[in-house]
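Notes for the one structure printed next.
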Amino acid sequence: MSSLIRYISRPHPITGVTNAKLGTWCFLASEVMLFGALFSAYILLRTGASSWPRGSELLSVPLATFNTLVLITSSVTMVMAWASLMMKDLSKYKRYMGFTILLALTFLVVKGFEYGHKFEHHHFPSTSTFYAIYFTLTGLHGLHVLGGVIVNTYFLLPGSKLWETEPEQFTGRIECAGLYWHFVDLVWIFLFPVLYLL
Amino acid sequence: MTGEHNLPFWRKYIFSIDHKVIGIQYAITGLLFLLFGFFLMMMMRWQLAYPGQPLPWIGHLFSEKAMLGGVMLPEFYNQLGAMHGTIMVFLGVVPLAVGGFGNYFVPLQIGAPDMAFPKLNMVSYWVYFIGGVIMIVSFFVPQGAAQSGWTSYAPLAVIAPTGQTLWLLGMVCLITSSLLGSINFITTIVQLRADGLSFFRLPFFVWAQFVTSFLLLLAFPPLEAAGVLQLMDRLAGTSFFMPSGLVVSGKVVEVSGGGNPVLWQHLFWFLAHPEVYVLILPAMGIVCEIIACNTRKPIYGYKGMVYSVIFIGFMSFIVWAHHMFLTGMGTKMSAFFQITTMIISIPSVVILTALVLSLWGGSIRFTVPMLFATAFLPMFGIGGLTGLPLGLTASDIHLHDTYYVIGHFHYVVAPGTLLALFAGIYHWFPKVTGRKMSDFLGKIHFWLSFLLMNGVFMPMFIQGLAGVSRRLWDPMQYAHAQPTQPLNVFISICAWLLGLAQIPFILNFFWSLIWGKKTDQNPWQATTLEWSAPSPPPHGNFEHVPVVYRGPYEYSIPGQRNDFWPQAMKEGN
Amino acid sequence: MEHATPEAIKRHVKVYISVFVALAFLTVVTVIVSYLKLSLVYAIIVALSIATIKGSLVAAYFMHLISEKKIIFWVLVLTLVFFLALLITPALTGLEIRSYVS
Amino acid sequence: MEKYYGWGLPADISTHGAAIDRLIYVLHGFMAVLFVGWLIFLVITLVRFRARPGHQAVYQSNHFKAPTYLEVGVGLFEAFLLVGFSFPIFHQYRNVPPPRDQAMEVRIVAEQFAWNIHYPGDDGIFGKTDIHLISPANPVGLDRSDPAAKDDITTVNQLHTPVHKPVIAHLSSKDVIHSFFLPVMRVKQDMIPGQTVDTWFEAKKMGNFEIACAQLCGLGHYRMRGFFIVETEDKFKEWINQMR
């Protein structure tokens, strides 16, 4: 059925990309606008506020720094997973992909501790606009991480069967999953200073 | 071609991944929602024409919380108003124009076997469907559906009853659906065009859908963000849109404060202005196809139209704040948005002019779709022109949020887009079903709809100039609105007759489905690719993979035997 | 990133490692700077500059934008324009609201 | 009694409204000319080029110059509307308040579904307000212990102003967004909770008019009608003294 559709595994001769890659980038473009709107809300609320706390006074910078390093590392393992497929090494791919998922889970667990700590001290989204935007932005980002974990787990376990029949298409899929994953990392790279340091 | 015919019923017609089935699903659902949204409006028109009088028969079908003794309550009126707007825009027109027509005809017109991501296509329909169900369910929760207008301005929407939460959840579904759809369209149009089909050989309809997809892709996420923020305000007690020191019904509202109600308006209109073009561009595309085919000559200034539509798409992102001139915006920002608003009117004029000039020198067949398409031109003209007084701050001071606004945008989307969508249905019905719709019923439908729509919306300009505000349950409360009350009666009668005028269409639709005259694959003798496929097209669409040799509108070429030269035909004819 | 030979991929891997080192380094730098108690304006400039550099590194090397096809760039440039419009306009209009109440 | 309202623009009793009305008339004249001219062309085209035996469509259509001129003309006219009308009118409306010493000031605090009007009294200073003092008897939450508040007057839905005197209105809202609309004054301004926005106007005729809410503010939006009474300076003072 789907074999009728062209450029699934091989790039289009003129645009030079596969369908999946273009689709993924379009999706990321919409994600840019999603987070753009939230950052815009942040700027409007902050410039309009009579006072605004420095994030470092309320949030744990060491934990967030650790999480930043975790996420950056997971980006590297992700790109290594793809590179392994390019070198036709499935078992190496699986190892790197497993690492990526573990790191993502680490990130979520640390995030969970941070949240728990805030709740213990009765700091909720309703406490102040700062906490509201902090919980919303990090919560939405956390959901994106969770989404990445689900996608990557699929590609680690059942999804990897595609390697046997359509290795090229599978490599393309991992590249797209990687694009998404790096984007999640990229969002965090901006969230970290905006929420924790400034 | 493949194993499609072996699929069980539910895979073939319900959870189908064939773009044609999905397109039909979208179109049928969209049409039903249009009808439903129209019913809501017809009920509201009773209250507006005869304020405070019990609605005969129908009024007693509702609970006492909606219609007390048959009299519509203000709460219920506000629900109807908010849901009419939401349903017409997000559940009716967009799914029909983009989901229905786009899904069915974009792959056909570019010579593709399907959309680039068929499964994603299915998901986007079903997410839309869930969104629609949530919206309908919201009528049945305590205190009813959303009642803060389709714009859901905060803080009113934040302190509104449960229905608003469902509205937000429904919107999140609809937005997600549109996003998935637009990704699919962009990829399909960029990647899957037939060999030889360069961008400047694309039918204008495909161009319109292409630009529309970008609008959906980039404008919808901010509303999704805004929806999340409003959900947080409602459910988690945050105050993104709630400033400090609110006092509702004499009680101080216990929120942390520090929010900004105008933030919602920015995020909402960042979507909702491009959304206007999402509603109108596919309609222009349909009209262009039909005019080219029925004038038997090429479109005048095709390239100019393409550049214009791209330019409109771009500009539509930077005009949004003209909906917010009276929020206290200063002269600098408002000057910027007035200028962009005036600039965006120019490409619309270019497109409209090109379409009219395309008629010049043609041999115009007044088929039913052509009647609808022709009527679109002056109707869209009125809609566009009446946007001018609203786009200039000085005249907007008086006209803002009056019936003038309602008249203006309804001229764009009702006699404008809806007529074009009807045109599309009559034009492409033979392709989808292999049968033609009845001309006789079609003409009745056209003339009644055309006249009655003007009867409904033209008097609104008079009311608007008189300063009658929107969304009034009982306009008779205001002295300045009373003199225009006879117009309300007239509008309402026209609206109800307009409802009756849709009966010929509904009859025609079902009658033609079964008994309509059978047609061959190209009954209109048109040139674009979809007419080179069988009617209805099989799974995979084309019997042979099409190759394109020329532009989309090669009609009446001198020295040819036939007056049309299909895009996929290699030799002369 | 062209579909390259195993040798080319191995070169890429080296690039990835150095990008990783740079990212980790910049993370540490931005945290250290935050302890210097700069005034808010400078803190914003420094932190956002570092974040932009880090983001660009991720986009350019991990997401292969440095060697990506034109079509992707077009999509992104368009997005970036609207992103910026969305980012700054609401705040600008917010600043213009005026009242003469003392 | 003079007829203020009808089908079309209401009577205008403001000093600034004539310019707005002129723009509305010019715009509608322009729209009518453009639309009717264009419609005539459309009808002629439809009749002249209808399909009939012996009539053939022309493949190569001429390139018309007229539409380009038309489009440029429309563009120039729009620029003229902006520079000639809209910018100066809106600038006047937004940025040029009357001198405070010659104007009467008034606070208008909207709520669901009423207009609370707060006059500063003879001292011209608004007394302090506090949201925690808000009660049915004290709808704006005026702090009576503040000396400036002693002579302040608050009314509900009754906006009285003297004729021929500029009025500066400080608009705010207690709960949701409302929009302060005086149809005969060509004044409309959204009232955003959490912000105070000013507007100003001067009446040149006396009479009983109304305040309308132009923004959906809840189920009572339709009945959020206020009374706007323009009277002589003497009568106004008399009324103020009565209200004390």
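Below, chains carry the letters A, B, ... as their sequence lines are ordered, and counting in each starts from 1.
- In this structure the side chain of B:K297 never reaches within 4.5 angstrom of the side chain of D:V58, judged on heavy atoms.
- Options B:Q338, B:Q463, B:E75, B:R296 differ in how many heavy-atom pairs under 4.5 Å they form with chain D, and the most are formed by B:Q338.
- Chain D forms the most heavy-atom pairs under 4.5 Å with one residue out of B:Y153, B:F325, B:Y553, and that residue is B:Y153.
- At a threshold of 4.5 Å between non-hydrogen side-chain atoms, the residues D:F90 and B:I397 count as touching.
- When each of B:V349, B:V158, B:L487 is checked for heavy-atom pairs under 4.5 Å with chain D, B:L487 comes out on top.
- The choice from B:T402, B:I382, B:I159 that makes the most heavy-atom pairs within less than 4.5 Å of chain D is B:I382.
- Residue B:Q79: no heavy atom, backbone or side chain, is found under 4.5 Å from chain D.
- Here B:S395 contributes atom OG and D:R186 contributes atom CZ; the two are 12.0 Å apart, rounded to the nearest 0.5 Å.
- Ring-plane geometry between B:Y404 and D:H28 is classed as perpendicular, the angle between the planes exceeding 60 degrees on a 0 to 90 degree scale with a lower cut at 30.
- With a threshold of 4.5 angstrom between heavy atoms, B:Y555 approaches chain D through N, CA, C or O but not through any side-chain atom.
- Between D:R94 and B:S334, every side-chain heavy-atom pair lies at or beyond the 4.5 Å cut-off.
- B:A154 touches chain D through its backbone: at least one of N, CA, C or O sits under 4.5 Å from a heavy atom, while the side chain does not.
- Of all the listed residues (B:A481, B:A354, B:G245), the one sharing the greatest number of non-hydrogen pairs under 4.5 Å with chain D is B:G245.
- By the 4.5 Å heavy-atom criterion applied to side chains, B:V252 and D:H132 are counted as neighbours.
- Annotation: side chain of B:H480 is not in contact with side chain of D:F209 (no heavy-atom distance under 4.5 Å).
- To the nearest 0.5 Å, atoms OG (B:S152) and CG (D:L216) are separated by 9.5 Å.
- Summarising the geometry, atom NE2 belonging to B:H398 is positioned 5.5 Å from atom CD1 belonging to D:I24; distances are rounded to the nearest 0.5 Å.
- Here the CD1 atom belonging to B:I364 is positioned 5.0 Å from the CG atom belonging to D:L46, to the nearest 0.5 angstrom.
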